[in-house]
K.L.:
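Here's a structure for you.
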Amino acid sequence: MGMTMKKPNIRRSWVEVNLDILAENLRIYRQSMQGDHPIMAVVKANAYGHGDLAVAGRLQSEGVRDFAVSNLAEAIRLRQGGIAGQILILGYTPVELAKDLLEYDITQAILDEDYAAALAATGVKTKAQFAIDTGMNRIGLDALEPGDCERTIRKYSGAFALTGLFTHLCVADTDDTDCRVFTALQQALVRAGAERVGDLHLPFVHCLNSAGGLWHGQADGLVRLGIILYGLKPDYANDLPAGIRPALEWKTVVSMVKTVHPGETVGYGRTYRADADRVIATLPTGYADGYNRLLSNCGQVLINGQSAPIIGRVCMDQMMVDVTGIDGVRPGDEVTLLNHDTYTADDMAETIGTIGYEIVCDISARVERVYLP
Ligand SMILES: *Cc1c(COP(=O)(O)O)cnc(C)c1O
């Protein structure tokens with residue numbers, strides 16, 4: 001019958017993470033950064049949706065020794081999964097759980113003086129690093145009050161096993177004069193703070209995120225590398241070093257194909273109306289998989305390398321696309337939702353006015369992660 005045999009798809013909606021691309025991104029980033037900084041891999045939020053254990057495990061075998069997460073559960077997962085180096089929690093941990101910090105050898109960020117006092121009161125001498133607020137106004141001791149900062153750090157330097165200070169840059173990804181000046185100010189503030197307590201010989205004083213390490217890397221200290229490791233941009237306007245590309249692809253399959261006739265509508269709210277015979281394919285991926293509903297009637301997917309627009313509203317578990325111009329689309333055919341180059345999480349993000357970070361972090365737990373090679 002001249003039928004070509006395709007490999008059957010036994011999956012519904014899945015992410016393929018290419019760990020070689022991840023390792024290559026790390027290698028290119030190291031070559032491209034200003035200065036020779038150690039890398040702390042930021043693997044919070046399930047490694048930005050890529051799978052924290054697989055990602056951290058591969059990075060550990062590439063020589064990375066320092067990791068950062070957002071919370072205690074993420075930290076314990078890494079430790080139990082065989083990650084041996086430093087694991088820093090960048091955000092809040094209830095002090096009632098301080099014993100776990102010690103048991104799993106986790107380093108806790110100290111958010112402010114009240115948090116320092118509460119954690120010290122537990123009597124658990126956990127590893128810790130003070131967050132210093134240099135302008136983000138999120139967490140940290142206020143760097144604009146250097147005397148208070150110094151006093152607080154000294155007061156608690158014996159209560160914890162204090163290993164460092166860090167701040168977070170808020171405009172390192174933006175290349176205009178105001179932002180460059182502000183970033184330089186943030187770096188100067190943390191440096192000045194560290195100098196005031198220089199006698200404590202804190203081994204980790206750091207401020208650089210992905211963007212900072214590439215474009216503001218004159219400062220010392222390790223780079224907390226997140227988004228660029230995964231091959232995405234801190235900001236749309238950024239150009240990444242050549243060769244860095246998204247490590248994941250997101251795929252689904254065609255579950256059904258049908259023709260709708262002029263005047264018929266598709267989906268909830270009847271927001272799409274056919275003006276001619278249209279061939280539509282149904283896909284078993286929806287917003288419960290993390291496929292953003294704002295892509296209704298404006299997103300696209302790729303089938304056989306061709307673009308198929310989303311028609312109607314994205315449903316919880318399914319969506320419909322127009323495949324009228326694409327020959328021979330059949331149930332079981334593979335569909336690409338995100339790929340390494342022509343339609344990335346950054347491209348999808350731009351359509352709906354968000355950032356690639358949110359697109360990949362949102363891919364939900366029920367989407368299977370498959371690791372290549
Ligand atoms: C998430 C985070 C990072 C990583 O930022 P990227 O822009 O993804 O590189 C670094 N530092 C802190 C404190 C963070 O919260």
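For reference, positions follow the sequence shown, starting with 1. Atoms within each ligand, like the ligands themselves, are counted from 1 in listed order.
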K.L.:
May I ask you to check whether over 12 heavy atoms, not counting those of D327, lie within 6.0 Å of atom CG?
P.N.:
no
K.L.:
Taking atom types as modelled, is there a side-chain donor on T285 or W250 under 3.5 Å from an acceptor on the other?
P.N.:
no
K.L.:
Between Q129 and Q86, is there a side-chain donor-acceptor contact under 3.5 Å, judged purely by atom types and distance?
P.N.:
yes
K.L.:
Among all protein non-hydrogen atoms, which one is nearest to atom 9 (O) of ligand 1, and what is the separation to 0.1 Å?
P.N.:
S210 OG, 2.5 Å
K.L.:
Once you restrict to heavy atoms under 4.0 Å, what part of H168 touches ligand 1? Side chain, backbone, both or neither.
P.N.:
side chain
K.L.:
Can you find a side-chain donor-acceptor pair between Q108 and T126 that sits under 3.5 Å?
P.N.:
no
K.L.:
State whether the shortest distance between N or O atoms of A211 and N or O atoms of ligand 1 falls below 3.5 angstrom.
P.N.:
no
K.L.:
At less than 4.0 angstrom from any non-hydrogen atom of K44, what atoms of ligand 1 do you find?
P.N.:
1 (C), 2 (C), 3 (C), 14 (C), 15 (O)
K.L.:
Return a table of donor-acceptor pairs under 3.5 angstrom between the side chains of residues 313-321 and protein atoms on other chains or two or more places apart.
P.N.:
from, atom 1, to, atom 2, distance (Å)
D317, OD1, R366, NH1, 3.2
D317, OD1, R366, NH2, 2.8

K.L.:
Looking at ligand 1, does any of its N/O atoms fall within less than 3.5 Å of an N/O of N209?
P.N.:
no
K.L.:
Is L90 touching ligand 1 with its side chain, its backbone, both, or neither, if touching means heavy atoms under 4.0 Å apart?
P.N.:
side chain
K.L.:
Answer yes or no: does an N/O atom from V42 fall short of 3.5 Å to an N/O atom of ligand 1?
P.N.:
no
K.L.:
With distance as the sole criterion, is a donor-acceptor pair present between the side chains of S70 and E74 under 3.5 Å?
P.N.:
yes
K.L.:
Side chains of R224 and H168: donor-acceptor distance under 3.5 Å anywhere?
P.N.:
yes
K.L.:
If we only consider heavy atoms of R138, is any one of them less than 4.0 Å away from an atom in ligand 1?
P.N.:
yes
K.L.:
Is the ring pair H206/F166 parallel, tilted or perpendicular, if the boundaries are 30 and 60 degrees?
P.N.:
parallel
K.L.:
List the closest protein heavy-atom neighbour of atom 10 (C) of ligand 1: residue, atom name, distance to the nearest 0.1 Å.
P.N.:
R224 NE, 3.5 Å
K.L.:
Among Y357, Y48, F166, which residue places a heavy atom closest to atom 4 (C) of ligand 1?
P.N.:
Y48
K.L.:
Number the atoms of ligand 1 from 1 as they appear, then name those within less than 4.0 Å of a heavy atom of I227, with their elements.
P.N.:
6 (P), 7 (O), 8 (O), 9 (O)
